[in-house]
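Heads up: the structure comes next, in structure tokens.
Letters A, B, ... are given to chains in the order of the sequence lines, protein chains preceding strands, and every chain is numbered from 1.
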Protein chains: 2
Amino acid sequence: MTTIRDVARISGYSVSTVSRVLNHKNYVSDEVRKNIQKVIAELDYVPNDVARDLSRGRTMNIGVVVPNIDHPYYTDIVRGIMAAAFAAGYNVLMLPSKYDAVVEHGYLDQLRRHAFDGLIFTSHTMPVADMVPYKQYGEVVVCHDPGQIDISAAFTERGPSYRAAFRWVQRRHYRRVGLVLPRDIDISATSSATITAYKDVFGVEPEPSLIRTGVMSYDDGYAAAEYYGTNNLAPDFIFANGDDIAAGVLQYYRDGHLTPPTVMGQENQLSGQLLGIPTIDHHFRDVGAAALRLAIGAAEGQFPVHSDFIPR
Amino acid sequence: MTTIRDVARISGYSVSTVSRVLNHKNYVSDEVRKNIQKVIAELDYVPNDVARDLSRGRTMNIGVVVPNIDHPYYTDIVRGIMAAAFAAGYNVLMLPSKYDAVVEHGYLDQLRRHAFDGLIFTSHTMPVADMVPYKQYGEVVVCHDPGQIDISAAFTERGPSYRAAFRWVQRRHYRRVGLVLPRDIDISATSSATITAYKDVFGVEPEPSLIRTGVMSYDDGYAAAEYYGTNNLAPDFIFANGDDIAAGVLQYYRDGHLTPPTVMGQENQLSGQLLGIPTIDHHFRDVGAAALRLAIGAAEGQFPVHSDFIPR
DNA sequence: TTGTACGCGTTATCAA
DNA sequence: TTGATAACGCGTACAA
């Protein structure tokens, strides 16, 4: 491997002068610069990024914790992160977590070991408060509203669009509203925001028997509908946490030749468009871009992003 | 920042002994190990990954070049890569390319600068032959059949499933088969494999006016169908490069209240399931897993992966 | 079993 | 404007 010392020796100048040429710094005469560049070209020399990172004390890498890449929430948010990272000259490290708190802690430790400069949690199981001590080692960013906890965050403002959606439901006089939610209400910001918006609009708690949690996919949506069906719960409206999930819900009724309730999805996915159901666009790409800017220290604090209810 | 030297100084042992404890090596007495581990715990010391990488000469990072993350081909293949990387203790660096050959070359240069140990091209625009010289700097892996070129590769064997699909078409006596392909035939392995399989089954070249390239998305599929429609090309069957794309094709006819041709998709996506169209499952997760094993040097050579035609 | 000292390749400080 | 040299933090022959 050819090093900066080889270039120095062969060109007849010192490593510091070569380093200055490499980094386009001043205090190098045009002639010397030209000579050194010629040797660099001849030797086909390139600097070693790891040595450079060690010397500079930063990696230009940002870690992104992702429970499962197949969910549209994550692909959208990761797209936004990647685009912003590329523009800023950063590389993105994908860190799969499967919602495992132990694995999540492992990534915080990697941050501490300087494996990357910043860490974005697109979602997580561990308590946000446990992340705070790690801020001293690099930027830590979450992608939901962290409430009172002092941590950088970028997230969609679900309240307004959820309330708009439920007012739409209310105007149509649906009586039995099924809520098909991703994870338990105490750990999922999405789920709790849904419940809160429901209460804001309807003035009452949602019917507990009509709430299904742990629903993340088309198949889960199908199973949730099956649960409603076999237990004779007969919702006349179902609010799902994604268009694909809503598609699974509808398929259950279709397979059983039953009249389906009205359904609403989220994420503005192709399946929702095909089925002609109302949805909510959370603009997750913008959330991702904002999260990255926080992670590289180009911005600070909390970044709420506007979301849109799309009636159909 | 506390370093290994601090641990050595405070514990009263040398850095090499501390290093041995850190790396669970032999030749350390239990008592010394315990003393040192106590100091490590007290100081809350963790080793610096960058320094470790520099010293060891490798990063445990694998770069993955991805033109656009939203396409199902890439999300599936990346999922396979991530799962295998996680299992092997590697981190995955996502490298967006937008099919730009200059950007692709930039990532090969990053490999040369030791930013990662291996590089996987899920797809690319630059010629494969241009990658060969970079093999000296680390593993370079492509995700299509590289033909005679000596480079590691993991890819779906498209031939058998494409031929099975076209035989299905043939048995149904379709006469005017539209081919809706991703990129130009000379740069896309997918496109050329489609043409070859068509010729194998039908014994003739596909009708040039019925071939559309550059079709990557639902919207592109819609536009391709529009092209057929406005030019009175009247295909009676359309072979699309994805179920979502096939959905776009069908939507054009639906919007115009026209009788659609029969369509076939690929990727076994939700949209294809909803529309009840035949498709091809390429098992891209397995391809990704194989690609990673090649990239970390756990395997060598070419890894063809079997794909399945799914009639419906 | 433990310690010394050097190498990894670069950047940054300070002197010349 | 250029150069010598000390960091950066860790791993590892080799010596003891």
Side-chain angles (χ1 to χ4, degrees), chain A residues 1-37 39-40 43-61 89 109-117 137-138, chain B residues 1-40 43-61 109-117 137-138:
Chain A
M1 177 187 301
T2 115
T3 77
I4 195 172
R5 262 178 267 274
D6 298 325
V7 177
R9 187 169 35 76
I10 292 171
S11 68
Y13 297 93
S14 70
V15 289
S16 29
T17 304
V18 175
S19 177
R20 279 193 281 267
V21 171
L22 288 173
N23 296 290
H24 308 97
K25 293 248 175 97
N26 301 325
Y27 304 121
V28 180
S29 72
D30 285 352
E31 193 194 332
V32 170
R33 184 181 299 275
K34 220 162 55 184
N35 290 339
I36 290 178
Q37 273 167 339
V39 173
I40 288 176
L43 296 182
D44 202 25
Y45 163 80
V46 284
N48 179 308
D49 273 352
V50 182
R52 180 171 273 184
D53 289 345
L54 174 62
S55 191
R56 287 210 251 249
R58 55 202 183 77
T59 61
M60 301 300 280
N61 288 342
D109 276 330
Q110 281 200 42
L111 177 69
R112 200 149 82 98
R113 293 198 300 267
H114 297 270
F116 23 80
D117 301 342
Y137 307 113
Chain B
M1 177 188 305
T2 114
T3 77
I4 195 173
R5 261 178 269 274
D6 298 325
V7 178
R9 187 169 34 77
I10 292 171
S11 67
Y13 296 93
S14 70
V15 288
S16 38
T17 304
V18 176
S19 177
R20 281 188 208 101
V21 171
L22 287 172
N23 296 290
H24 308 96
K25 293 250 175 98
N26 302 322
Y27 304 121
V28 179
S29 71
D30 285 352
E31 191 193 332
V32 171
R33 185 181 299 276
K34 221 163 55 182
N35 290 338
I36 291 179
Q37 273 166 340
K38 194 177 156 209
V39 173
I40 288 175
L43 296 181
D44 202 25
Y45 163 81
V46 285
N48 179 308
D49 273 352
V50 182
R52 182 170 270 185
D53 289 345
L54 176 62
S55 191
R56 287 211 250 249
R58 55 204 183 76
T59 60
M60 301 300 281
N61 288 341
D109 277 330
Q110 282 200 42
L111 177 69
R112 201 149 81 100
R113 293 198 301 266
H114 297 270
F116 23 80
D117 300 342
Y137 307 114

Would you say that [X] contacts [Y] through its side chain, given a criterion of any heavy-atom pair below 4.5 Å between the two side chains?
{"X": "A:Arg113", "Y": "B:Arg52", "value": "no"}
{"X": "B:Arg20", "Y": "B:Val32", "value": "no"}
{"X": "A:Leu22", "Y": "A:Val18", "value": "yes"}
{"X": "B:Val15", "Y": "B:Thr3", "value": "no"}

Here the distance between atom C1' of D:dG9 and atom NE2 of A:His114, to the nearest Å, is 10 Å
Using a cut-off of 4.0 Å between protein heavy atoms and nucleotide atoms, how would you tag nucleotides 10-16 of chain D 5' to 3' with B, S and -? BSB----
For the [atom1] atom of [X] and the [atom2] atom of [Y], what is their distance to the nearest 0.5 Å?
{"X": "A:Thr2", "Y": "A:Tyr45", "atom1": "OG1", "atom2": "OH", "answer": "7.0 Å"}
{"X": "B:Asn35", "Y": "B:Asp30", "atom1": "CG", "atom2": "CG", "answer": "11.0 Å"}
{"X": "B:Ser29", "Y": "B:Ile36", "atom1": "OG", "atom2": "CD1", "answer": "8.5 Å"}

With a 4.0 angstrom cut-off to heavy atoms of chain A, pull out the first and last contacting nucleotide of DNA chain C, in 5'-to-3' order.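 Boundary nucleotides touching chain A, in 5' to 3' order, are C:dG9 to C:dA12.
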Indicate yes or no for a side-chain donor-acceptor contact from B:Asp49 to the backbone of A:His114 under 3.5 Å, with no hydrogens or angles considered. no
